[in-house]
Asks: 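The structure that follows is given in the form of structure tokens.
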Amino acid sequence: MLSQQYRFHARGGVQYVYRHGRSVRGKLVSLTFMPNTRGKTRLAVVVSKKVAKSAVSRNRIRRRVYAAIQPLLPELTGPLDAIFTIYSPEVLTIDFTDLAQTIRSLLTDARMLPH
RNA sequence: AUGCUUGUCGAAAGCGAUUACUGGCGCUAGCCCUUGGGCUAGGCGCGAGAGGAAAGUCCGGGCAGCAAAGGAUACGGCAGUGGCUAACGGCCACCAGGGGCGACCCUAGGGAAAGUGCCGCAGAAACUAGACUACCGACUCUGGUCGGAAAAGGUGAAAAGAGUGGGGUAAGAGCCCACAGUUGGCUUUGGCGACAAAGUCAAGAGGUAAACCCUGCCGGCUGCAAGGAGAACUACAUGAAUAUGGCUAUCCGCCAGUAGUUCGAUCACCGCUGGAGCAUGUUGGCAACAUCAUGCCUAGAUAGAUAAUCGCAAUAGAGUAUGACUAAUAUCAUGCUUGAACAGAACCCGGCUUAUCCGACAAGCCCAUAC
RNA sequence: GGCCUCGUCGUCUAGUGGUUAGGACGUCUGGUUCUCAUCCAGAAAAUCGCGGGUUCGACUCCCGCAGGGAUCA
């Protein structure tokens, strides 16, 4: 899991990012992001009920994505709000190294990671 | 017993490594001031961290608000009897009916003898009976017509709703008689009771109440997104008649001065987890359950914690092949393949329902027959 | 988390317990036309979301599941 300081806490924040942020699309996951003025980077993972019916599967997807981001946290540039939207239930089953690779390339495309 | 029945309990199954999360308690760092506190989601240590269904939200309760938590109607729910319980549509025991060789299982199980509705098609007729064929009698132009009859045929889910034998008759019929059976009333006996048994009197009454309805019992409404916060000023009204609003869908009854403007609280904090609590034992009870004693503290998140990843062994089990043994396809041995299900607390409890890999224990049944 | 609601041919919809279910649009076939559209005639197309129960009989009544859609700060 992510520490609380990296999470969103208010209801409106995620919707604001969806409306005003720029996005980078991947095959299984997309990234929506925008700079913020809080001085801290915030991250969120969105898994819709259409992707996975059971709450157990959705929780597991979220935890895997969080775990993939975890080692990259110190490298991230600038205070940003970022949301990962999951499209496919394959995230539950694919190899963890592949998942980590897709997350890393998404962050690189968004210029949140230096090359 | 390898075949069955019932109940109770457990529920990712090992070892290691790396990286993380959320509360609680203790210690501690920096900053601020009134030396005792506050702030910085600071740091370190100790200990804790999903379920039997946490699920569906189908019932019941606690709790909170609706100014008191009232009455009647409407509306909704429940339905054998007795008990248990905070309460229940739940549980236990029993009764009745049905199923099984049996252990045992199933039942939406009040009233159709209060009233109304419905019973399509077929059939003569579908519930105040009725006459198509066949039966009997009379008449006859020999084609039939009128009358009797509810026993036979055919139709239908159901045919007037008491079977067998005898009498009776033009032909027949509970029309009459005997025996058997059904339903209801009354009496006696047993039982707290549903009910059972015996006796006696009477009767002929189709089905459907998960159709309306009747009878009895229960329910005020809204739900933790409940609720916890209002204050000041201005205008009108003036002491409760009317109007308006609220409790409430309607009436009674009860309560409240009304409207506007400004400020403030609320992405925070409280509610929020110690409870009809859990474990062991005692006593009472057939049991559900209750009493008492001792011990214990056992999640509290909020874009939502309780985990993610890797490596090694591969356990239980499942599938399959060969062999041994056998009445047997059971069991045993070895090899190969596979490798734990359903599922995530969201105010809290008691149930029900549904999903589910497997395992353990207890009490029973059939009696050699079974893939 | 709470509360409410919906479902019938491909789509939109009718449907007293008595029909394996009616209509419109669309689809297909034939006709009309030099051809297409329009128009005319005909046909196919539905496990009434799923599983039980009540009833002689269920799309309809009752119970239980599985889905879709709204709403409450």
Side-chain angles (χ1 to χ4, degrees):
Chain A
M1 268 319 292
L2 285 181
S3 170
Q4 281 199 348
Q5 61 172 316
Y6 292 114
R7 300 189 214 159
F8 282 77
H9 292 288
R11 287 273 151 184
V14 171
Q15 284 178 15
Y16 188 84
V17 174
Y18 265 124
R19 255 200 300 276
H20 301 285
R22 300 203 293 120
S23 63
V24 178
R25 240 191 107 91
K27 207 169 170 187
L28 307 173
V29 182
S30 90
L31 173 61
T32 309
F33 66 100
M34 60 179 296
N36 70 18
T37 55
R38 289 167 177 263
K40 275 177 184 167
T41 294
R42 297 189 297 176
L43 298 163
V45 176
V46 173
V47 189
S48 123
K49 241 181 184 173
K50 283 189 178 172
V51 172
K53 274 274 179 266
S54 98
V56 172
S57 317
R58 287 199 303 276
N59 283 346
R60 207 173 131 79
I61 287 173
R62 180 164 42 79
R63 284 165 183 157
R64 292 193 77 182
V65 175
Y66 278 145
I69 298 168
Q70 184 75 39
L72 305 175
L73 279 176
E75 303 179 43
L76 291 178
T77 61
L80 286 164
D81 286 347
I83 299 169
F84 294 88
T85 312
I86 310 301
Y87 294 124
S88 161
E90 284 180 46
V91 176
L92 198 60
T93 51
I94 60 167
D95 240 48
F96 187 73
T97 50
D98 295 347
L99 178 61
Q101 191 53 50
T102 53
I103 297 293
R104 176 174 269 280
S105 68
L106 273 176
L107 287 168
T108 310
D109 289 350
R111 299 188 196 284
M112 290 173 70
L113 275 180
H115 279 285

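The chains referred to below are lettered A, B, ... by the order of the sequence lines, with proteins before strands, and numbering in each begins at 1.
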Asks: I'd like the C1' distance from B:rA54 over to B:rA157, given in whole Å.
Replies: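 To the nearest whole Å, 50 Å.
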Asks: Can you tell me if the side-chain N/O atoms of A:R64 get under 4.0 Å from OP1 or OP2 in B:rU19?
Replies: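 A:R64 to B:rU19 OP1/OP2: no side-chain N or O under 4.0 Å.
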Asks: Residues two or more places apart in sequence or in another chain: which of them pass side chain to side chain donor-acceptor pair (under 3.5 Å) with A:N59?
Replies: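 A:N59 satisfies side chain to side chain donor-acceptor pair (under 3.5 Å) with A:R62 once adjacent residues are dropped.
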Asks: Quick one: is B:rA303 close enough that its OP1 or OP2 comes under 4.0 Å of any side-chain N or O from A:Y66?
Replies: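 No, A:Y66 has no side-chain N/O under 4.0 Å of OP1/OP2 on B:rA303.
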Asks: Expressed as a whole number of Å, how far does the P atom of B:rA64 sit from that of B:rG45?
Replies: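 To the nearest whole Å, 44 Å.
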Asks: Who pairs with A:S88 by side-chain contact (heavy atoms from CB on, under 4.5 Å), at least two apart in sequence or on another chain?
Replies: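 Expected list: A:L28, A:E90.
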Asks: Report the residues that fulfil side chain to side chain donor-acceptor pair (under 3.5 Å) with A:T102, sequence neighbours left out, ordered by chain and then residue number.
Replies: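 A:T102: no side chain to side chain donor-acceptor pair (under 3.5 Å) contacts found.
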Asks: Tabulate protein N/O versus nucleotide N/O from nucleotides 340-346 of chain B, keeping only pairs under 3.5 Å, one per line.
Replies:
{"residue": "B:rG344", "atom": "OP2", "partner": "A:A55", "partner atom": "N", "Å": "3.2"}

Asks: Taking only residues two or more places apart in sequence, or in another chain, which ones meet A:T97 in a side-chain contact (heavy atoms from CB on, under 4.5 Å)?
Replies: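 Once residues adjacent in sequence are excluded, the partners of A:T97 under the side-chain contact (heavy atoms from CB on, under 4.5 Å) criterion are A:D95.
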Asks: For A:T32 and A:Y18, does a side-chain donor sit closer than 3.5 Å to a side-chain acceptor?
Replies: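 Looking only at side-chain atoms, A:Y18 and A:T32 do not form any donor-acceptor pair under 3.5 Å.
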Asks: Who does B:rG76 pair with, Watson-Crick or G-U, both distances under 3.5 Å?
Replies: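 WC or wobble partner is B:rC218.
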Asks: For A:S23, which residues count as a side chain to side chain donor-acceptor pair (under 3.5 Å) partner, sequence neighbours excluded?
Replies: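 Side chain to side chain donor-acceptor pair (under 3.5 Å) check on A:S23 returns nothing, list empty.
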Asks: Please tell me if A:R60 has a side-chain N or O lying less than 4.0 Å from either OP1 or OP2 of B:rA308.
Replies: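 So the side chain of A:R60 is within the cut-off, an N or O lying under 4.0 Å from OP1 or OP2 of B:rA308.
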Asks: Taking only the P atom of each, what is the distance from B:rG26 to B:rA287 in whole angstrom?
Replies: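 Between the two P atoms, the distance is 50 Å.
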Asks: Could you let me know what B:rG26 is paired to, Watson-Crick or G-U wobble, both distances under 3.5 Å, or none if it's on its own?
Replies: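 Answer to the pairing question: B:rC44, which forms a Watson-Crick or G-U pair with B:rG26.
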